[in-house]
Asks: 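Could you have a look at this structure, given as structure tokens, before my questions?
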Amino acid sequence: MKTISIAIDGPSGAGKSTLAKSISKTLGYLYVDTGAIYRTIGYAAFSKGVDPKDGEAAAALLPELEIGLHYGKDGLQHMTLNGADVTDQIRLPEISLYASAVSAHPAVRAHLLEMQRKLARENNVVMDGRDIGTVVLPDATVKIFLTASVEERAMRRFRELEQRGTPESYEKVLEEMRQRDYNDSHRAAAPLKQAEDAVLLDTTELDFQQSEEAILRIIHERTSR
């Protein structure tokens, strides 16, 4: 049976995870948050005091990491690291930059590539990240590049952190987001960029429901051809 894969790429704070999660539920597909997988490795580096920019040190960590992905009763993707649930810890603000740094190393990306492709071979998936349509699933059924202005993305992240009880100043969130954008688009391994056959969707002026409707429309148009 041929599976259907939906690849949603875009910069940090574009709403990829929230939208992909909701869309996968609507379609009855498996949702794969690839960012959470990289965040788990970033968290491991953080916990062990490893410099995330040191490629050799990050690669040396990999053999001792057992990364698990499962869905809880809450319907959310939970991440485990060596048997411990780290779903909440990997969302701390400082882990974002660790995740961005470790994901730049070719050894880390190669380590996780097969894990992600296997999920897509065996299930209908909605997968979001930064290089899904360009590297992980170059033959994805539908590719969407989701973006918004950096100011709007920073404001969304600012509100999200407030709701989570881990507030940061808007200025700090904006600066970190600009830094993350630069890191992700300038790294040597699989930089953030729009796939040639991806549909660009800018959600700066759209609310969540409008964004979701736009994505479902794109998916319907592409899969009914």
Asks: Roughly how far apart are Thr141 OG1 and Ile219 CD1, rounded to 0.5 Å?
Replies: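 Reported to 0.5 Å precision, the distance equals 10.0 Å.
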Asks: Do we see a donor-acceptor contact under 3.5 Å between the side chains of Gln209 and Glu213?
Replies: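 There is such a pair between these side chains.
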Asks: State, to 0.1 Å, how close Ala107 and Leu62 come at their nearest heavy-atom pair, and which atoms those are.
Replies: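 That closest heavy-atom pairing would be O-CD1, 3.8 Å.
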Asks: Ala154 and Val173: which non-hydrogen atoms are nearest, and at how many Å?
Replies: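 Heavy atoms only, the tightest pair is O-CG1, 3.5 Å.
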Asks: Donor-acceptor pair, Asp85 side chain versus Thr87 backbone, under 3.5 Å?
Replies: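 Such a contact is found between Asp85 side chain and Thr87 backbone.
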Asks: For the CZ atom of Arg217 and the CG atom of Leu201, what is their distance to the nearest 0.5 Å?
Replies: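 The distance works out to 9.0 Å.
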Asks: Is there a path from Leu113 to Leu30 through hydrophobic residues (I, L, V, M, F, W, Y) whose side chains come within less than 4.5 Å of each other?
Replies: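 In one cluster with Leu113: Leu30, yes.
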Asks: Could you measure the distance from the CE atom of Met127 to the CG atom of Asp9? Nearest 0.5 Å is fine.
Replies: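 So the CE of Met127 and the CG of Asp9 are separated by 10.5 Å.
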Asks: Check this for me: Phe208, atom CZ, are more than 12 non-hydrogen atoms of other residues, nucleotides or ligands nearer than 6.0 Å?
Replies: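 Yes, enclosed.
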Asks: Below 4.5 Å, heavy atoms only, C-beta onward: do Pro11 and Leu192 meet side chain to side chain?
Replies: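 Yes; the side chains approach each other to less than 4.5 Å.
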Asks: Angle class for the Tyr170/Phe158 ring planes (parallel below 30°, perpendicular above 60°, tilted otherwise)?
Replies: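 Aromatic pair Tyr170/Phe158 classed perpendicular.
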Asks: Check this for me: His220, atom NE2, are more than 12 non-hydrogen atoms of other residues, nucleotides or ligands nearer than 6.0 Å?
Replies: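 It does not: His220 NE2 has 12 such atoms or fewer within range.
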Asks: To check you understand the geometry: which heavy-atom pair defines the closest contact between Ala36 and Thr40, and what is its length?
Replies: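 Minimum heavy-atom separation between Ala36 and Thr40: O-OG1, 2.7 Å.
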Asks: With Arg157 as reference, evaluate Met177, Glu152, Glu168, Glu162 under the side chain to side chain contact (heavy atoms under 4.5 Å, CB included) test and give the passing residue.
Replies: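 Of the listed residues Met177, Glu152, Glu168, Glu162, the side chain to side chain contact (heavy atoms under 4.5 Å, CB included) partner of Arg157 is Met177.
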Asks: In Å and rounded to the nearest 0.5 Å, what is the CG to CD distance from Asn82 to Glu64?
Replies: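 Those atoms lie 7.5 Å apart.
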Asks: Would you check if Asp131 and Arg109 make a side-chain contact, meaning some heavy-atom pair closer than 4.5 Å?
Replies: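 Answer yes - side chains close enough.
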Asks: After noting the C-alpha distance and the side-chain angles of Leu69 and Gln77, does the key distance pass the side-chain contact (heavy atoms from CB on, under 4.5 Å) rule?
Replies: CA-CA 7 Å; Leu69 180 159; Gln77 176 179 301; 3.8 Å; yes
Asks: Measure across Ala7 and Ile132 and return the closest heavy-atom pair with its distance rounded to 0.1 Å.
Replies: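 Closest pair (atom of Ala7, atom of Ile132, distance): CB-CG2, 3.5 Å.
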Asks: If you round to the nearest 0.5 Å, how far is CD1 of Ile144 from CZ of Arg222?
Replies: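 It is 8.5 Å, given to the nearest 0.5 Å.
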Asks: Go through the side-chain N and O atoms of Arg187 and Ser103 and say whether any donor and acceptor fall under 3.5 Å apart.
Replies: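 There is such a pair (donor and acceptor under 3.5 Å, judged by atom type) between the side chains of Arg187 and Ser103.
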Asks: Do the side chains of Glu114 and Arg121 get close enough for a salt bridge, i.e. N-O under 4.0 angstrom?
Replies: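 Here Glu114 pairs with Arg121 in a salt bridge, since their nearest N and O are under 4.0 Å apart.
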Asks: Would you find a donor on one side and an acceptor on the other, under 3.5 Å apart, between the side chain of Arg117 and the backbone of Val136?
Replies: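 Yes, Arg117 side chain to Val136 backbone: donor-acceptor pair under 3.5 Å.
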Asks: Crowded around Glu94 CD? As in, over 12 foreign heavy atoms under 6.0 Å?
Replies: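 Above 12, so yes.
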Asks: Could you please spell out the steps behind the side-chain contact (heavy atoms from CB on, under 4.5 Å) verdict for Arg153 and Asp181?
Replies: CA-CA 11 Å; Arg153 289 185 285 118; Asp181 284 354; 2.7 Å; yes
Asks: Hydrophobic clustering (ILVMFWY, side-chain heavy atoms < 4.5 Å, transitive) - are Leu206 and Leu200 grouped together?
Replies: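 Unlinked, Leu200 and Leu206 end up in two clusters.
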Asks: Taking it one step at a time, do Tyr29 and Val125 satisfy side-chain contact (heavy atoms from CB on, under 4.5 Å)?
Replies: CA-CA 5 Å; Tyr29 290 6; Val125 297; 5.8 Å; no
Asks: Answer yes or no: is there a donor N or O on one side and an acceptor on the other, between the side chain of Asn124 and the main chain of Ile4, under 3.5 Å?
Replies: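 Answer holds: yes.
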Asks: Taking a hydrophobic cluster as the set of Ile, Leu, Val, Met, Phe, Trp and Tyr residues connected by side-chain heavy atoms closer than 4.5 Å, whether directly or through intermediates, do Tyr182 and Val150 fall within one such cluster?
Replies: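 No; Val150 is not reachable from Tyr182 via cluster members.
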Asks: What verdict does the side-chain contact (heavy atoms from CB on, under 4.5 Å) test give for Arg130 and Ser185, after you've listed the backbone C-alpha separation in whole Å, the side-chain angles of each residue and the deciding distance to 0.1 Å?
Replies: CA-CA 9 Å; Arg130 284 166 178 73; Ser185 57; over 6 Å; no
Asks: Taking Ser22 for its side chain and Leu19 for its backbone only, find out whether a donor-acceptor pair lies under 3.5 Å.
Replies: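 Absent.
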Asks: Applying the side chain to side chain contact (heavy atoms under 4.5 Å, CB included) criterion to Ile37, which one of Val108, Ile90, Leu112 satisfies it?
Replies: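 Going through the options one by one, the only one that passes is Leu112.
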Asks: Does Glu175 pair with Lys172 as a salt bridge, N-O distance under 4.0 Å?
Replies: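 Salt bridge flag = no for Lys172 with Glu175.
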Asks: Distance-only, no hydrogens or angles: does the Lys16 side chain make a donor-acceptor pair with backbone N or O of Gly10 under 3.5 Å?
Replies: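 Checking the backbone N and O of Gly10 against the side chain of Lys16, a donor-acceptor pair under 3.5 Å is found.
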Asks: Does Pro52 offer a backbone N or O that forms a donor-acceptor pair with the side chain of His105 under 3.5 Å?
Replies: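 Such a contact is found between His105 side chain and Pro52 backbone.
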Asks: Hydrogens and angles aside, do Arg156 and Thr18 bring a side-chain donor and acceptor to less than 3.5 Å of each other?
Replies: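 Distance-only check fails for Arg156 and Thr18.
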Asks: Applying a strict under-4.5 Å side-chain criterion to I, L, V, M, F, W and Y, I'd like to know whether Val32 and Ile215 cluster together.
Replies: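 The answer is no; the residues belong to distinct hydrophobic clusters.
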Asks: Give a yes-or-no answer on whether the side chains of Ser96 and Arg39 include a donor-acceptor pair shorter than 3.5 Å.
Replies: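 Note: Ser96 and Arg39 side chains meet the donor-acceptor criterion.
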Asks: Assigning hydrophobic clusters by single linkage (Ile, Leu, Val, Met, Phe, Trp, Tyr; side-chain heavy-atom cutoff under 4.5 Å), is Leu65 placed with Leu119?
Replies: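 In one cluster with Leu65: Leu119, yes.
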Asks: Rounded at 0.5 Å granularity, tell me how far CZ in Arg91 sits from CD1 in Ile95.
Replies: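 These two atoms lie 11.0 Å from each other.
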Asks: Please tell me if the side chains of Leu27 and Leu216 come closer than 4.5 Å, counting only heavy atoms from C-beta onward.
Replies: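 Counting from C-beta outward, Leu27 and Leu216 do come under 4.5 Å.
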Asks: Can we say Glu176 and Arg180 salt-bridge, meaning some charged N sits less than 4.0 Å from an Asp/Glu carboxylate O?
Replies: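 No, this pair does not count.
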Asks: Give me the atom names and distance for the closest heavy-atom approach of Leu146 to Gly15.
Replies: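 Smallest interatomic distance, heavy atoms only, reads CD2-C, 4.0 Å.
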Asks: Ala44 and Leu61: which non-hydrogen atoms are nearest, and at how many Å?
Replies: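 Shortest heavy-atom contact: C-CD1, 4.2 Å.
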Asks: Please check this pair: side chain of Thr204 against backbone of Ser149, looking for a donor-acceptor N/O pair closer than 3.5 Å.
Replies: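 Confirmed, Thr204 side chain pairs with Ser149 backbone.
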Asks: Applying ring-ring contact (aromatic ring centres under 6.0 Å, His included) between Tyr98 and each of Tyr38, Tyr43, Phe46, report the one that passes.
Replies: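 Going through the options one by one, the only one that passes is Phe46.
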Asks: Can any side-chain N or O of Thr203 pair as donor or acceptor with the backbone N or O of Ala148 at less than 3.5 Å?
Replies: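 No, the answer is negative, given that no donor and acceptor are paired below the 3.5 Å cut-off.
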